[in-house]
Number of protein chains: 2
Amino acid sequence: MSPLPSGLLGDLDPTSDRAVFRQIADQLREAIDRGRFREGEKLPSEAELVDHFGVSRMTVRNAFSILQGEGLVHAEHGKGVFVRPRPPVRRLASDRFARRHREQGKSAFIVEADAAGSHPQVDSLEVKEEKPSQDISARLGSVRRVLARRRRYLLDGRPVEFATSYLPLDIARGTPIAEPNPGPGGIYARLEELGHRLDHFEEEIRARMPSPAEVKTLRLAPGVPVIHLIRTAYDTEGRPVEVCDTVMAADAYVLSYHLPAN
Amino acid sequence: MSPLPSGLLGDLDPTSDRAVFRQIADQLREAIDRGRFREGEKLPSEAELVDHFGVSRMTVRNAFSILQGEGLVHAEHGKGVFVRPRPPVRRLASDRFARRHREQGKSAFIVEADAAGSHPQVDSLEVKEEKPSQDISARLGSVRRVLARRRRYLLDGRPVEFATSYLPLDIARGTPIAEPNPGPGGIYARLEELGHRLDHFEEEIRARMPSPAEVKTLRLAPGVPVIHLIRTAYDTEGRPVEVCDTVMAADAYVLSYHLPAN
DNA sequence: CTCGCCCACTCGTCTAGATACCTAAAGGAG
DNA sequence: CTCCTTTAGGTATCTAGACGAGTGGGCGAG
């Protein structure tokens, strides 16, 4: 095994009260930030760092586990530890549900991704009637059963978002909304055709670490949070007609909102 | 050392291909989710788990480090590992900058926190002229120097938000905006008095893991992401007059937005 | 030349300690 | 009663080594 190129990484400071594995993590983090290691590039192996710093393997692994926790690097069994590439982000504008954007036959997600040159995909489509959670029920005005529409969105094969729409059964049952493909303009277009003219939406945004199930569904790397968005659609009579619960990979999104000043 | 109460945690499955430390983490996570351990309650010590599962201490520590990474628990040196309590959240409504909320003498943060029964506080106030980053400069229309107003917000002694406002010097220099305390209604009221009537705001929202510096400033626990909000204020002539860059502890906030449907 | 096997390198998991330091409570000195 | 010391029980860090398992290149058999 060849030694590390000198100058790539410095030495430890034995007088420091900072734990050795943190010092090693700091050095690697700084080297990555400074571009000494580029996106996707392989970092020195554990054995090389053991030699370079004169510590035991567990100490080096502790350092790596910090960086993995920060989402800066990822390990590949049998290959090495690599600098994680930053994925391209998707920008969501606050007028994305405006009526004027609802004319085309394709869904907003597909249109937008095509325009950005990505390959969009929608899968795990599930449409069924079910009993809503207490929270969803309350948002829809204490309904007992709802139609739930679940789907997952992918960009270039990477899952980026998992969404569930809940609609009161008296509105959705027996309509195109209960079909896997609700047709051009999506369920909002169908709702308006059914006489529920939309007035406004309320969105609630949280950010948190994903549950193990979300990690799996969105194939999230460690250290990547999720944005949890809950949108309620109201018709002109003030009735909530849909609640959409969306979990997004935070590294894939920027949300954008327009607020009037008055 | 007394053994663990039986039934609190199960046994390992030696036939499973799931790593032992993950199995232990799974069991603890489930016990917490089911409320077997409550918020703030102490989990069994490392030694107790070593005895209970018949594994080495490193294995137990690996399990704990998973849960810490998820932000589910936190360790206190010399005391034990505890279920992390969920802090109360602060809700930000999308009309929080509306003109009608700008009448009082106190800042929106103080008023709102007082109403919620919390003890609000603002510190690390810094007001200075500086050279903006490329991003900030671009958002303000390529200005070369700006007035920066930095402050940190605390609720009941806990830092929850760190914000910096950037204003073009030609607008802010020599005005109350350049004072530590800009007076009733805050800098938006002053801007309007100076003839820059506000028209609208644009907000960009990201979520990510904090940098080490942000962990320090916001005293963030491991596993807590931050919400990064960048707001640009525009006057009625379409000129950007302020950019506010805000980093919030994600576990302390819910953002709420109102979107018209047309 | 191609296929299959072996081997070197890599990370993943686990063991069994050692040392250091922190916290809280008990008990003694003043 | 107050303050300090001791001590027991915690976590934090580190070492040294073992075995497992994925990857990919080299090399020999066919």
Side-chain angles (χ1 to χ4, degrees), chain A residues 1-4 11-28 37 40-69 71-84 221-223, chain B residues 1-4 11-28 37 40-69 72-84 215 221-223:
Chain A
M1 186 183 59
S2 59
L4 236 49
D11 294 320
L12 297 176
D13 174 6
T15 70
S16 165
D17 60 349
R18 188 142 175 92
V20 171
F21 73 92
R22 289 186 211 283
Q23 290 187 49
I24 295 176
D26 291 344
Q27 291 212 13
L28 290 169
F37 300 106
E41 195 175 338
K42 185 178 169 301
L43 295 176
S45 76
E46 295 177 355
E48 282 169 330
L49 293 172
V50 162
D51 280 2
H52 178 82
F53 289 115
V55 298
S56 83
R57 188 165 159 242
M58 279 303 297
T59 304
V60 169
R61 283 183 60 75
N62 269 337
F64 274 145
S65 89
I66 289 184
L67 300 179
Q68 285 192 51
L72 260 174
V73 307
H74 65 110
E76 293 183 29
H77 195 164
K79 296 171 75 175
V81 178
F82 301 83
V83 180
R84 185 190 297 286
Chain B
M1 185 182 59
S2 59
L4 238 48
D11 294 318
L12 297 177
D13 174 6
T15 69
S16 165
D17 61 348
R18 189 149 176 86
V20 172
F21 73 93
R22 289 186 210 282
Q23 290 188 49
I24 296 176
D26 290 345
Q27 291 213 13
L28 291 170
F37 300 106
E41 196 175 336
K42 184 176 170 303
L43 295 177
S45 75
E46 295 177 354
E48 282 170 329
L49 293 172
V50 162
D51 281 1
H52 178 83
F53 288 115
V55 298
S56 84
R57 188 157 160 256
M58 276 304 295
T59 305
V60 170
R61 284 183 58 73
N62 272 337
F64 274 145
S65 89
I66 289 184
L67 301 179
Q68 284 193 51
L72 217 55
V73 306
H74 66 110
E76 293 183 30
H77 197 160
K79 294 172 73 176
V81 178
F82 300 84
V83 180
R84 175 104 59 85
V215 168

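Proteins come first, then strands; the chains are lettered A, B, ... in the order of their sequence lines, and each starts at number 1. All values below come from the heavy atoms of this structure, side chains included, with hydrogens, waters and symmetry mates left out.
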- Rounded to the nearest 0.5 Å, what's the gap from CG on A:L43 to CZ on A:F37? Could you check? 5.5 Å
- Starting at CG of B:D26, measure out to CG of B:D13 and round the result to the nearest 0.5 Å. 11.5 Å
- Message: Return a single string for nucleotides 20-26 of chain C, one symbol per nucleotide in 5' to 3' order, where B is base contact, S is sugar-phosphate-only contact and - is none, cutoff 4.0 angstrom on heavy atoms.
- Response: -BBSS--
- Is any side-chain heavy atom of A:S16 less than 4.5 Å from a side-chain heavy atom of A:Q23? yes
- Message: Looking at D:dG17, I'd like to know if its phosphate oxygens (OP1 or OP2) sit under 4.0 Å from a side-chain N or O belonging to A:S56.
- Response: no
- Once you round it to whole Å, what is the distance between C1' of D:dA12 and NE2 of B:H74? 16 Å
- What is the distance from CE of B:M58 to P of D:dA18, rounded to the nearest Å? 17 Å
- Message: For the CD atom of B:E76 and the CZ atom of B:F82, what is their distance to the nearest 0.5 Å?
- Response: 5.0 Å
- Closest listed nucleotide, where the reference is the side chain of A:R57 and the choices are D:dC14, C:dT15, D:dA18: D:dA18
- Gap between atoms CD1 and P, on B:I66 and C:dG12 respectively (whole Å): 13 Å
- Any chance you could lay out the side chain to side chain contact (heavy atoms under 4.5 Å, CB included) test for A:L28 and A:L49, step after step, and finish with the verdict? CA-CA 10 Å; A:L28 290 169; A:L49 293 172; 4.3 Å; yes
- Query: Does any non-hydrogen side-chain atom of A:V73 lie less than 4.5 Å from one of A:R84?
  - Reply: no
- State, with a plain yes or no, whether a side-chain heavy atom of A:V81 is found less than 4.5 Å away from one of A:L67. no
- Message: Rounded to whole Å, how long is the line connecting atom CG of B:L43 with atom C1' of D:dG10?
- Response: 13 Å
- Message: In this structure, how many angstroms lie between the P atom of C:dT10 and the CG atom of A:D51, rounded?
- Response: 10 Å
- Note on the structure: In numerical order, the residues of residues 14-26 of chain B whose heavy atoms come under 4.0 Å of DNA chain C are B:A19, B:V20, B:F21, B:R22
- Nearest-Å distance, CG (B:N62) to C1' (C:dC11)? 14 Å
- Query: Taking CZ from A:F82 and P from C:dC11, how many angstroms apart are they, rounded to a whole number?
  - Reply: 8 Å
- Taken to the nearest 0.5 Å, the spacing of A:D17 CG from A:R22 CZ works out to 11.0 Å
- Taking the side chain as every heavy atom from C-beta outward, state whether A:Q27 and A:F53 have any atom pair closer than 4.5 Å. yes
- Query: Looking only at side-chain N and O atoms, does B:T59 come under 4.0 Å of OP1 or OP2 in C:dC14?
  - Reply: no
- Measure from CZ on A:R61 to P on D:dA16 and round the result to the nearest Å. 17 Å
